[in-house]
Structures are given as C-alpha cells and as structure tokens.
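Report on the following structure.
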Amino acid sequence: MEQKKIQPRSDLLIGRLNKKLLRYYTDEHPRLFYKKQNPSTEIDAAFSLLVDCSASMFDKMDETKRGIALFMKHYQE
C-alpha cells in the first residue's frame with residue numbers, strides 16, 4: 001500500500017542542502033534547501049470482500065452475513 005503523499009517542501013531559504021547546486025551559479029537569489037518530509041500516518045487504501053455464496057455455505061450464511069456487517073461497520077468509522 002502506498003502512503004498518502006504530502007506536498008514536498010523544497011526551494012527554501014533554510015533546511016537541508018539540496019544536491020542540485022547549479023542554481024547557486026544560475027539564479028540571482030538561489031533557494032538551495034529543502035525540508036525532510038515525515039511519512040504520513042494515514043494510509044490511502046481500498047478493501048474488497050469476497051463472499052462465498054455457494055451451496056456448501058448454505059448452513060453458514062447467517063454467520064457470513066454477520067461477518068459482512070461487522071466488516072462494513074468497522075471500515076465505515
């Protein structure tokens with residue numbers, strides 16, 4: 001799963017020195033620094049649930065329905 005991306009913080013006046021120093025020679029007021037990004041704790045993900053509704057599950061469908069309801073309730077929060 002890929003974590004959500006945060007807007008990169010580059011071209012700053014202070015911070016960590018960027019490896020691309022060509023701007024120092026080409027720009028009148030070069031911005032050579034960037035801020036290290038903290039990884040996001042929020043995960044952007046999608047889940048799917050595959051339910052077996054074959055004849056062999058006929059006597060277990062009540063428990064299956066309860067499990068689906070619990071799954072949906074948990075991920076809607």
Side-chain angles (χ1 to χ4, degrees):
M1 289 186 284
E2 187 175 330
Q3 291 185 343
K4 273 192 169 180
K5 292 187 169 78
I6 300 173
Q7 181 71 16
R9 297 182 60 199
S10 58
D11 300 334
L12 303 174
L13 294 174
I14 58 171
R16 293 175 178 239
L17 184 61
N18 198 343
K19 292 180 181 177
K20 299 176 184 177
L21 299 176
L22 182 61
R23 290 187 210 170
Y24 180 76
Y25 299 105
T26 59
D27 294 354
E28 187 174 329
H29 301 289
R31 293 177 172 245
L32 304 174
F33 299 95
Y34 70 97
K35 290 281 185 178
K36 185 177 179 183
Q37 298 183 105
N38 292 332
S40 176
T41 57
E42 190 175 328
I43 296 176
D44 188 16
F47 296 92
S48 62
L49 181 64
L50 178 64
V51 179
D52 181 8
C53 296
S54 63
S56 65
M57 292 292 292
F58 179 76
D59 59 338
K60 302 175 188 96
M61 284 311 290
D62 290 333
E63 292 86 4
T64 304
K65 290 176 187 176
R66 235 179 278 136
I68 293 169
L70 288 172
F71 180 84
M72 291 300 296
K73 182 180 184 234
H74 180 73
Y75 286 103
Q76 286 178 348
E77 294 175 353

Lys60 with Asp52: basic N within carboxylate O range, under 4.0 Å: no
Atom pair CE/CG of Met72 and Leu49 - distance to nearest 0.5 Å: 9.0 Å
Transitive ILVMFWY side-chain link Tyr25 to Leu17, under 4.5 Å: yes
Asn18 side chain near Tyr34 side chain, heavy-atom distance below 4.5 Å: yes
Met57 to Thr64 - nearest heavy-atom pair and separation: CE-OG1, 3.5 Å
Closest heavy-atom pair and its distance - Gly15, Phe33: O-CD2, 3.3 Å
Closest contact, heavy atoms only, Met61 versus Cys53: CE-SG, 3.9 Å
Minimal non-hydrogen separation, Arg23 against Leu32, with atom names: CB-CD2, 3.9 Å
For Lys35 against Ile14, the heavy-atom pair lying closest together: CE-O, 4.3 Å
